[in-house]
Amino acid sequence: MEQQLPAFIVGAPLLFSVIVPILGRKWRQSAFVVAVATVAVSTVASALSLVRVLDGGTFRYYLGGWEPPVGIEYVIDEVSAVVSLVVTSVSLLVVISTRRWAEREAGDRPGVFYGLVLLLLAGLTGIVLTGDLFNLFVFLEIASLAAYALVFIGGRRAMLAGFRYLIIGSIGGAFYLLGVGFIYFATGTLNMIEARQLLEEAESTRAVQVGAVFIFTGLGLKMALVPMHLWLPDAYEHAPSSVNSLIAPVMTKVAAYAMLRMFLSVFPPGYLSGAVPIADALLVLGLIGIVFGSVAAAGQTDIRRMLAYSSISQLAFIAVGIGLGTPLALAAALLHVVNHAAMKATLFLATASVRFRVGLQRTHNLAGLGPRMPLTMGAFAVGSVAMVGIPPTAGFFSKWYMVQAGVDEGQWIVVAVVLLSSLLTAVYLFKVLEQVYLRPAKPEPSAHHDDEHDSPGESAPHPVEQQAMRPVVERAREAPLDVWLPLVLLGAATVVLGVFNVVIMEHVLLPGVS
Amino acid sequence: MKLLMLTFLAGLVALLVWASADLPDRADPHAPANRHLSPELTEMTESEVVIPNLVSAILADFRSYDTLGETFVIFTAGLAVVLVLQRSRRVPEEDGDE
Amino acid sequence: MNDRYDSVILHFVARVVMIPLIVVFGIYVLLHGELSPGGGFQAGAIVAAALLLVRLALGNRQAALQIPQGLLIWLACIGLGIYMFGGILPLILGANFLDYAPIPVEWYNKFAGEDRTPRAMGILIIEVGVFLGVASVLVLIYDLIAGSSRQ
Amino acid sequence: MIWWLELSLFGLLVVAALIALSVRDMIAAVATLSVYSFLAATLLALMGAVDVALTEAALGAGVTGVLLVGAVSVVDRRTPD
Amino acid sequence: MIDEVAARFPYWATAVLLVVGLYGMIGKRSLVKQVIGLSIFQSAIILFFISGSLLEGATLPILYGVHGGEHADPDDFVNPLPHVLMLTAIVVGVAITGVALSFLVSIYREFGTLDEREMLDEMRK
């Protein structure tokens, strides 16, 4: 039974995504219950896989019973087990806490909505576990298609954003496939591990280098690396709240992980710094992206758009880690993948919670909210502190390791940019925290309020602001239990991850990347 | 803007043509893709699966997990279309909290 | 295409000649997928294309073989369910996911008078699943897209 | 010398693709796209990929074309570019 | 020269098709044209893979003698693996096209146009 665990991580969401649409048609509530149960199964299977990896080292699962070059395999090593656990557990918490909003946003089709959520999750875990280049493409497309549709249903403005996302995402997927084609024709295999062996034996050819360029461009489009980020802010800003809390933490992170996986198990180091210096390109783009994302985030007034730009900056940080390429830098990038999933989930959930309690999403309207919604805003504060990178939260340590890696490599510019980005992050997030905790509630918030973004009565559920005589925030109450508990757990997770970072780094991530 | 785009596209063609110089010739019997995996697949189809159509054997057996994923891609598309075009915003009010 | 073209020949050819012919060809492609070019996808695509072409020729409402959307979703789910069954059955029998080797075939060989290996049996099962899934989803997508102007 | 049969088919494909993208009438563009897919299917069959050719003919030329016609019939027929 | 062309033209031709499709996707204002570009783009990749599966003097990948116990020589068949991959890619392409078209119809109902620029103008108002 224990050898079959990897099949459950991906198989359970796949199987139940077929059942949920039918069940949801008959009994509305059952869709949510079944979805949560399925994600829980997947999470438990991931956790057990991680335990097994830590005990007995990497293990490989042959799908269909065929050995790798012929068949497809799942490779479960420290890295993939950790990322799969993060993806499933964060999704579990997010799915539980977004129930109320999802029911509104899914309209009369909760079964279909949760079916797509499960397919998204299956696609993401499939990408994380697979050891086959083409299989990665297939699961990337499952996840992407589900994400396009989920983003699209967010209302009028989300439509165009969703269509852009679809076009750009499809270009990304097709570029990846083209790159795989080059690798396949140059080596004759689709298995990652075997491809690496064959590439090491052969000399570097143009075909392989250009194939690598296409693979990295494709994944860069999916992970919104800087010149290719144009779809992300609109998609994240306009997507339904229940959806962007789900895809913002995990979706782009999984694309970043896939890029890292290419470095770890497909291309030998020499290939990516020769005639076509992909590693250096990633480093440079990452550095530009960190600064650009932070600066752009500082200029936003809509809190979700601000978080979207901050995501761009954080993803660029991961790209810098991949570009540096030393084991320490790669481990730091991975730690940041883990941290950032938890932090971003906290921030987006808290934002969505505020939005649904009081219908506000502009930063300057949040004044005085801190005491009214102590748990939600507390989690938000912890998430912000972690994003800025203040010890002992998780964000500090990934930055710390990255700085160390930069110093080891003599890349002082990396050190400088990472520190600068902390500063910039502090500027925009503390601006929000200042509003939330230190300013008194404004008597008349937001004359032209947030609804200028959404068509009326669509996503902001309370038209309270129009009739607001006394401050909206004063009527704000704490979010219900099933919203704040996952939120607090996620906030706690960022601290716990920070406290136990040494254990995670030394026992899990560093052995995984070296 | 248009000029920039055309330059980019022309550059892409140039890149692809440049890279194709290192790809195996058309119909080259010594290409890695023809040497490495394809003979094994043929032999295993003959000995283990025993059906004549090699493509079916690979599609539905050796790489059936890809096929599973791909069927799920089209299923995802079906669900996506239903969600986008069939969803009605009127929600039956059940739990009034919120 | 929502207008009906009043052409007796078009009507006759589409409804009486084309549908049975193409559907039979689709089923043939499905069942002969192991012997000749073809299989679940091709069959599903051909059958879906047949149904869609008839809808295009006759207009949506008059077309033969109107299938309610609920049923189409059911069919798609059943198709995918069959595929997952083909994957989970080996799991129950103690092999890896989708490993057809332990699938019992004796009963089928006796019943159909064939000489199938377990792997060929597994292939048949999942091809049927793929066929149902692909055909019903494609018809569903068309019905929703082209029918949406009417609502 | 089968290769230059392939080459000329490729040439036709490029022409069909350009026409499909430049025609102003949507239905014409969709019809050209179907022609394009059908040419591609012929080329695939010529290269020995009969399974792929069958699928491309049914899905690319048939279903995609019909889906596009279905969508275009719902929306505006003229296009800005 | 002619040998060079004979050996390489599938790559060149697919490169041109790829770029034509890409131009449709990023350079056209009409959303329908973007979807058509997407379709061309994907079929270019399909042709790229299939032209790589060719083998001199080989035929269709069907083992006619398998039930009679005849032994088949792999060199007699074109490489079947790219065919399998491209079957998958075609279906993925159709799935994406279907979703894109449903988006398009939904957008048209909301905005009454499919011109990207008009839509952006309208949203700015």
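The structure presented is a predicted model; accordingly, all values stated were derived computationally and were not measured.
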Does [X] reach the main-chain N or O of [Y] with its side chain, forming a donor-acceptor pair under 3.5 Å?
| X | Y | value |
| --- | --- | --- |
| D/T64 | D/L59 | yes |
| E/S39 | E/V35 | no |
| E/K33 | D/L21 | yes |

(message) Take a 6.0 Å sphere around CZ of D/F38 and say whether it holds more than 12 heavy atoms from other residues, nucleotides or ligands.
(response) no
(request) Mind ranking D/L67, D/T55, D/V75, D/V52 by heavy-atom pairs under 4.5 Å with chain E and telling me who comes out on top? (result) D/V75
Go through the atoms of [X] and report whether side chain, backbone, both or neither lie under 4.5 Å from a heavy atom of chain D.
| X | answer |
| --- | --- |
| E/V20 | both |
| E/L54 | side chain |
| E/S102 | neither |
| E/I36 | both |
| E/P10 | both |

(message) Quick check: closest heavy atoms across D/L33 and D/A20, and the distance to 0.1 Å?
(response) N-CB, 4.1 Å
(request) Answer whether the closest heavy-atom distance between the side chains of E/L47 and D/M47 falls below 4.5 Å. (result) yes
(request) Determine whether E/I45 and E/F49 make a side-chain contact, defined as any pair of heavy atoms from C-beta on separated by less than 4.5 Å. (result) yes
Contact leader toward chain D among [options], where contacts are heavy-atom pairs under 4.5 Å:
| options | answer |
| --- | --- |
| E/H83, E/M86, E/R117 | E/H83 |
| E/T97, E/V78, E/V94, E/T113 | E/V94 |
| E/L114, E/T14, E/L101 | E/L101 |

Is chain E contacted by the side chain of [X], its backbone, both, or neither, given a heavy-atom distance below 4.5 Å?
| X | value |
| --- | --- |
| D/L7 | both |
| D/V23 | backbone |
| D/L43 | side chain |
| D/L68 | both |
| D/M26 | side chain |

(message) Does either side chain, that of E/S43 or that of D/Y36, offer a donor lying less than 3.5 Å from an acceptor on the other one?
(response) yes
